[in-house]
Protein chains: 2
Amino acid sequence: MSLTQAILTSLLEKPCTGAELARRFDKSLGYFWQATHQQIYRELGAMERDGLIAAHGLPTARGRQRHFTVLAPGRAALETWCAGEGELRPIRDELLVRMRGAAVLGTVDVSAELRRHQGLHHEVLQRYEAIAERDFPSGAQRSTADELQLAVLTAGIVYEKSWLAWCEDVLAGPAGD
Amino acid sequence: MSLTQAILTSLLEKPCTGAELARRFDKSLGYFWQATHQQIYRELGAMERDGLIAAHGLPTARGRQRHFTVLAPGRAALETWCAGEGELRPIRDELLVRMRGAAVLGTVDVSAELRRHQGLHHEVLQRYEAIAERDFPSGAQRSTADELQLAVLTAGIVYEKSWLAWCEDVLAGPAGD
DNA sequence: TACGCTTGTGCAACTTGTTGCGCAAAGGAG
DNA sequence: CTCCTTTGCGCAACAAGTTGCACAAGCGTA
């Protein structure tokens, strides 16, 4: 699972506690790999057991901050994994199921839901574009790491733009006939 | 969960057995909502208990074909659900995690994996376009149901095209500097 | 009839992801 | 100092999705 690797990546950027990790997932990493704080704590425990990361603080002390750092085996594991291959994740979209259902039923209008999605995608797009403008202003000098991070962000932008274009297309198409 | 609704949709198109459903999921529905045969059988059992569908055949007879049909409550449930609202599913992509990891490590080259993904997306795109051409040839007269089904298929095409464009862009960008 | 292959069905066990709650520590307000 | 709120941590239970196996029936073949 990629959760391990996402956590390793985040911890390499800056060692921190589980709660801080959860916050970072909500902000940046989570845009392309989501995780709840429970998943994160569970995974941190497993990774600690496997010797990928280490913590200062007693493992059993509840309510006690535990600061995690990546160990050499953790870094090695991430390197191996990043150089490896992965599958494509197929689309899994409720809206499309709704439309397929509407096609069979013939009694349901999905255009309102389409417009709502258009709005939602627009919001997300604007958020991504704001981040891109803030962190990677056009014309600035960029390192290789920056290029990669920007590419990831661009994936999100392209993704949202394509959904937006599709929504527009579907809404315009049948009506314009 | 949309699995219930996806099954209802498929059964409305044509009543059939669990195995046949599984095959249909692999072929058409599964392009935007996947399910294994286990999920399907489990769900069929629950839906039968809830009175959404009915089967000819004994529930406990193993190895015995059970043919399912949608009942009125099932159709009503699908109508209600299709007219409802849903959340956006955020991106969840391993490749992007790999790239973020590579950005932090600085020792990993992801271009080979990018090219591989480009190829995979290209394959999927061609499959979708073949289906579109076969089932909805351009210029033909189309019903409202056809328009909806085509829109769903178009979503897949747009999706794959946008990933392809992104792969191309990322591969060309940093190299062309 | 006996044998093996394929198909349809389903149990069991596991992993991953989600939700809700509880407890401990820290820090501010009375 | 005591009370209360916030923050960090984690258990427990559940829902969804995956994997592997097992059993029954049908069918072709010897």
Side-chain angles (χ1 to χ4, degrees), chain A residues 1-7 10-11 14-27 29-30 32-50 53-68 86-94 97, chain B residues 1-7 10-11 14-27 29-30 32-50 53-68 86-94 97:
Chain A
M1 271 303 313
S2 315
L3 182 54
T4 315
Q5 286 79 27
I7 290 176
S10 194
L11 283 181
K14 187 162 160 26
C16 64
T17 67
E20 170 63 21
L21 265 181
R23 257 178 266 121
R24 268 194 245 167
F25 264 82
D26 282 345
K27 266 185 288 180
L29 258 173
F32 52 92
W33 200 273
Q34 304 78 42
T36 63
H37 71 121
Q38 301 305 346
Q39 275 178 279
I40 291 171
Y41 282 124
R42 203 196 289 169
E43 194 64 31
L44 282 172
M47 290 164 73
E48 192 183 10
R49 268 199 307 283
D50 297 347
I53 58 176
H56 326 137
L58 296 150
T60 47
R62 223 180 194 177
R64 216 37 189 298
Q65 275 208 353
R66 308 195 64 218
H67 218 80
F68 289 94
E87 299 296 306
L88 289 193
R89 220 152 251 263
I91 305 178
R92 196 163 248 243
D93 195 304
E94 262 190 30
V97 179
Chain B
M1 269 304 313
S2 315
L3 182 54
T4 315
Q5 286 77 26
I7 291 176
S10 195
L11 284 181
K14 187 163 161 28
C16 64
T17 67
E20 170 62 22
L21 265 180
R23 258 178 265 120
R24 269 194 243 168
F25 264 82
D26 282 345
K27 264 188 284 179
L29 257 174
F32 52 92
W33 200 274
Q34 305 77 41
T36 63
H37 70 122
Q38 301 305 344
Q39 276 177 278
I40 292 171
Y41 281 122
R42 202 196 291 168
E43 195 63 31
L44 281 172
M47 290 164 73
E48 192 183 11
R49 268 198 309 281
D50 297 347
I53 57 175
H56 326 140
L58 296 149
T60 47
R62 225 180 193 175
R64 217 35 188 297
Q65 273 209 356
R66 308 194 65 217
H67 219 80
F68 290 94
E87 298 296 306
L88 289 191
R89 221 150 250 265
I91 305 177
R92 196 162 249 244
D93 195 301
E94 261 191 32
V97 179

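All chains are named by letter (A, B, ...) in the order of the sequence lines, taking the proteins before the strands, and each is independently numbered beginning at 1. In this text the structure is predicted, and so the values were computed from the model without any measurement.
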Between [atom1] of [X] and [atom2] of [Y], what distance do you get to the nearest 0.5 Å?
{"X": "A/Thr36", "Y": "A/Asp26", "atom1": "OG1", "atom2": "CG", "answer": "10.0 Å"}
{"X": "A/Phe68", "Y": "A/Leu11", "atom1": "CZ", "atom2": "CG", "answer": "8.0 Å"}
{"X": "A/Trp33", "Y": "B/Ile91", "atom1": "CH2", "atom2": "CD1", "answer": "12.0 Å"}

Please produce a list of atom pairs where a protein N or O lies less than 3.5 Å from an N or O of nucleotides 18-21 of chain C.
| residue | atom | partner | partner atom | Å |
| --- | --- | --- | --- | --- |
| C/dT18 | OP2 | A/Gln39 | OE1 | 3.3 |
| C/dT18 | O4 | A/Arg42 | NH2 | 2.9 |
| C/dG20 | O6 | A/Gln38 | NE2 | 2.6 |

What is the distance, rounded to the nearest whole Å, between atom [atom1] of [X] and atom [atom2] of [N]?
{"X": "A/Glu43", "N": "D/dG10", "atom1": "CD", "atom2": "C1'", "value": "15 Å"}
{"X": "A/Met1", "N": "D/dT19", "atom1": "CE", "atom2": "C1'", "value": "16 Å"}
{"X": "A/Arg66", "N": "C/dA26", "atom1": "CZ", "atom2": "C1'", "value": "19 Å"}
{"X": "B/Leu44", "N": "C/dG8", "atom1": "CG", "atom2": "P", "value": "14 Å"}
{"X": "A/Phe25", "N": "C/dT16", "atom1": "CZ", "atom2": "C1'", "value": "14 Å"}
{"X": "B/Ile40", "N": "D/dT18", "atom1": "CD1", "atom2": "P", "value": "11 Å"}
{"X": "A/Arg24", "N": "D/dG8", "atom1": "CZ", "atom2": "P", "value": "13 Å"}
{"X": "B/Glu20", "N": "C/dT7", "atom1": "CD", "atom2": "C1'", "value": "12 Å"}

Quick check: do A/Thr4 and A/Asp50 have side-chain heavy atoms less than 4.5 Å from each other?
no

B/Arg23: which residues meet the salt bridge (Lys or Arg N to Asp or Glu O under 4.0 Å) condition with it, sequence neighbours left out?
B/Glu20

Is the phosphate of C/dT9 approached by B/Tyr41 (side-chain N or O, under 4.0 Å from OP1 or OP2)?
yes

Closest non-hydrogen contact found for B/Arg24 with B/Lys14 is NH2-O, 2.8 Å

Position toward the 5' end of DNA chain C (nearest nucleotide), B/Arg23 or A/Trp33:
B/Arg23

